[in-house]
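Just so we're clear, the structure is a prediction, and the values are computed from it rather than from any experiment.
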Amino acid sequence: MAGHIISIIGGKGGLGKSQVAANLAFAYAIEGKVKTLLLDFDQKASGDQDFITGMKGKKNIKELAEFKGAIDPNSIQQFVSMNQNVYYIGMPSDPTASNGIEVEALGRTLKAVTNIYPVTIIDAGNELTPLAIKALEYSTLILVVVTPDILALNQTKRMYSDLVTMMFPKDMIQFIVNQAQQGHPVTNDVIAKTLGKSVFSAIAKDDQNCTLALNQKKPVMLVARGSPFAKGIIDTVRRLNEKNVLKTLEKLTKPTDAGGKKEEAKDASGVPIKGGKTPWTELKSRIHKALVEEMDLKKTDENDPKAQIILKEQTKKVVVDLLGKEDTKAVLNSREDMNQIVKEIIDEALGLGPLEDLLRDKTVSEIMVVGPYKIYYEQSGKLKLSDVTFTNDRQVLNVIERIVAPIGRRIDEKTPYVDARLRDGSRVHAIIPPSSIDGCTITIRKFPDKRLTYKDAVKFGSMTESMADFLRIAVEAHRNIIVSGGTGSGKTTLINILGGFIQSNERIITCEDSAELNFPQEHIVRLETRPPSLEGDGAIDIRCLVKQTLRMRPDRIVVGECRGGETLDMLQAMGTGHDGSMTTVHSNNPRECIGRLETLVQYAGTSISARAIKEMIAGAVHLIIQQSRLDDGSRKIMYITEVGGLQGDTMILQDIFLFVQKDMDKNGKIVGEFQATGFIPKFIEVLEKKGFNVPRGIFSNRPPGTATPAAVTAAAPAAIPSPTASAARPASGSGGPASTPPGKPLVKK
């Protein structure tokens, strides 16, 4: 009967994962009285298992991978050293040699050792390297070691998410808590709640015996079998045996290729993939080459839809004819196969190849190409590996050139990167060798066909009706707004929503590196940067565009993103009569956003003092909206914060709305709520003095549409403390009129 492989991994270093793996092997050998094989696959900690076990293998894992003979009970003896019925093969002590291990060869070895040893324990390291993934593919059980530490818990959660994304069954993944302590605030229940899965076993913290064992270069199981650590290890083995965990798990269907390099994977036609070349891909390559020789695919105008339809039909006819001249019996077994290969060849020749289906999929928000054989995509906030691949790196480069050519951009070895956009407005970034080591890389940020509005944001849980009403008031009242957030947090989408609040009779001018903003107004001027020519001149940057807008009679200036000296020009425009302008900045919270603006202003190369920069920001920026992408993939407005001026050298920031995270459910979804702090912004009082009726109810935590008392005091204390407030500004004035229904908050009295 075939044996079982148990892989031990950790989310980060310092969890005691290697010591758990070594002692687990000895526990199986001593308590279970079975021959146990211990393999060290931890490439980052070469030689650690030699030290922990006190065993030095005759040969190492690299030599085992290079062995060309059959692995059987006799041949494997030349590799293993033995102690207490534990057979051990270690990692090379040289890290360079460890990184050169032939992964696929070890896959065949792992299959063979299960016929020799009833139990194999693999120390798989702290990262999902190709070698670790290969171990997991052949494992019956994955034991993830975690400690009662917030950082370790966070890293373990990410690794668990990665493993599930790689399609490893959840039942196959179990958690062991190492260094468990009585009375520690991070209990097993807290760990289980955070990870969304119960803890399988716990091993008590036992620094004294673990250190003693390390000093003697022996496992704890041999030095102090009665110690708390050893008892925890033995209890884990007994639980595995009593519940028949391994026999139950061996029936699960596991992925043949979790990391994107399949040993026996199949493409869309069911043909096995070996080494990236299959009869299917080779046939596609031959037909594509013949097609290029047969037709001039670049002759047709790409902006003429009718011409493109005609070209597609002509191309399809030629492809079918070329396939008819090939011997396709071994590759194409049905009509579906024929239709599929014709579609793929046409997509390669006229479109974006394997990316076409992902671009058509409305649920896919981002596409990431890493070389020809790895295409990742984001769906529902989670990254996934696509089954489709490019034929070779040349095909990826062809796709990049097809994207950048229509918009006058270029990419070559001299300038190996480019920002571009697709016809639907989706943003594209590409980088090619020599800058990209693993082949041509493409990142496509897709934008929805339908323009999103604040109603969609409310529906998706990114904000509340009250927050949307307040943002409408702020935009209509010509407040200068900075949208802050990280990459992929939804800043551009939020700017588009805010742009929808701008009155239709205003002139809007946008400045972007690659045009992404899509406002509903008619009177809008869109400006875009330009890279330098082949001679190295003619470049137009964002700063130049911002300066040009000042001569174009703008009512609103919107800069896609401030990341350099243009920040100074943007702040000067905001503070000198161009109120109502908007831009985005990369930062983690409103307080950091202020510091980021100060740094970016200095990129302009002017000798402005730090105090003058602060005063400029305090006078120009009215609101900071912090947009974040949370761990569950959702995007939410975390803070809406008013900039209240300077108090000494400290910027006064006061939160108006914020999101409070409370929990995470069993599905990994974040549970929380948006809350109003009760603070009334200064400009609301100014609007009311001008005769506008602003519903004070939006600044309370009552449901939208609920009437508020006739007298609501603006100086009421905040509902919750404001983490970004440097100094609380006492609000002047008293409550306004009763709340009006959301949707049209600015109403003249």
Side-chain angles (χ1 to χ4, degrees), residues 467 470-471 473-475 477-485 562 567-568 570-576 579-602 608-628 637-660 674-689 694 696 698-700 712-736:
M467 293 166 69
F470 172 72
L471 293 178
I473 294 171
V475 172
H478 284 255
R479 298 293 90 186
N480 294 323
I481 298 174
I482 305 287
V483 177
S484 164
C562 280
T567 308
L568 172 61
M570 187 68 186
L571 290 174
Q572 286 181 327
M574 286 179 168
T576 56
D579 286 342
S581 298
M582 294 181 278
T583 188
T584 69
V585 168
H586 279 256
S587 57
N588 295 322
N589 57 57
R591 175 62 58 190
E592 288 186 17
C593 178
I594 296 296
R596 175 77 171 152
L597 290 173
E598 294 176 24
T599 302
L600 293 177
V601 168
Q602 294 173 355
I608 305 177
S609 67
R611 173 71 183 183
I613 294 174
K614 287 179 180 290
E615 290 175 350
M616 185 187 303
I617 295 172
V621 180
H622 301 132
L623 286 178
I624 298 174
I625 306 173
Q626 182 66 39
Q627 178 85 6
S628 297
I637 293 178
M638 303 301 291
Y639 300 99
I640 299 178
T641 303
E642 184 181 42
V643 179
L646 274 176
Q647 189 174 67
D649 286 333
T650 303
M651 195 75 67
I652 301 175
L653 300 179
Q654 179 63 56
D655 294 331
I656 302 166
F657 295 95
L658 46 78
F659 178 78
V660 179
F674 293 100
Q675 293 188 4
T677 63
F679 178 81
I680 309 297
K682 290 185 289 186
F683 77 91
I684 295 296
E685 300 163 9
V686 175
L687 288 175
E688 289 178 341
K689 290 176 181 178
V694 180
R696 292 296 182 96
I698 64 176
F699 302 108
S700 71
V712 179
T713 308
I720 54 178
S722 171
T724 59
S726 299
R729 174 183 60 83
S732 60
S734 59

(message) Check this for me, if you would: do Glu598 and Lys614 make a salt bridge, where the nitrogen-to-carboxylate-oxygen distance has to be below 4.0 angstrom?
(response) yes
(message) For Thr677 and Asp655, which I'm curious about, is there any donor-acceptor pair between the side chains at under 3.5 Å?
(response) no
(message) Would you call the rings of Phe470 and Phe699 parallel, tilted or perpendicular, taking 30° and 60° as the class edges?
(response) perpendicular
(request) Applying side chain to side chain contact (heavy atoms under 4.5 Å, CB included), name anything that partners Ser587, two or more places apart in sequence or on another chain. (result) Ser484, Val585, Glu592, Cys593, Arg596, Gln626
(request) Not counting sequence neighbours, which residues clear side chain to side chain contact (heavy atoms under 4.5 Å, CB included) with Ala612? List them please. (result) Ile608, Ser609
Would you give the length of the straight line joining atom [atom1] of [X] to atom [atom2] of [Y], rounded to the nearest 0.5 angstrom?
{"X": "Met582", "Y": "Ile625", "atom1": "CE", "atom2": "CD1", "result": "8.5 Å"}
{"X": "Ile684", "Y": "Ile473", "atom1": "CD1", "atom2": "CD1", "result": "4.5 Å"}
{"X": "Glu688", "Y": "Phe683", "atom1": "CD", "atom2": "CZ", "result": "10.5 Å"}
{"X": "Gln602", "Y": "Thr567", "atom1": "CD", "atom2": "OG1", "result": "11.0 Å"}
{"X": "Ile640", "Y": "Ile637", "atom1": "CD1", "atom2": "CD1", "result": "5.0 Å"}
{"X": "Phe659", "Y": "Met467", "atom1": "CZ", "atom2": "CE", "result": "9.5 Å"}

(message) Looking at every non-hydrogen atom in both residues, tell me the closest pair between Asn480 and His622 and how far apart they are.
(response) N-ND1, 2.8 Å
(request) Using side chain to side chain donor-acceptor pair (under 3.5 Å) as the criterion, list what pairs up with His586, not counting sequence neighbours. (result) Glu561
(request) With sequence neighbours left out, write down each residue that passes side chain to side chain donor-acceptor pair (under 3.5 Å) with Gln572, or none if nothing qualifies. (result) none
Answer yes or no: is there a side-chain heavy-atom contact under 4.5 Å between [X] and [Y]?
{"X": "Glu642", "Y": "Lys682", "answer": "yes"}
{"X": "Ile481", "Y": "Ile624", "answer": "no"}
{"X": "Val483", "Y": "Thr583", "answer": "no"}
{"X": "Ile594", "Y": "Ile617", "answer": "yes"}
{"X": "Phe657", "Y": "Gln675", "answer": "no"}
{"X": "Val643", "Y": "Met651", "answer": "yes"}

(request) Apply side-chain contact (heavy atoms from CB on, under 4.5 Å) to Met574 and Ile482, showing your working. (result) CA-CA 11 Å; Met574 286 179 168; Ile482 305 287; 4.0 Å; yes
(request) For the pair Ile652 and Leu646, evaluate side-chain contact (heavy atoms from CB on, under 4.5 Å) and give the outcome as yes or no after the intermediate values. (result) CA-CA 6 Å; Ile652 301 175; Leu646 274 176; over 6 Å; no
(message) Run the salt bridge (charged side-chain N to carboxylate O under 4.0 Å, His left out) test against Glu615 and tell me which residues pass, sequence neighbours left out.
(response) Arg611
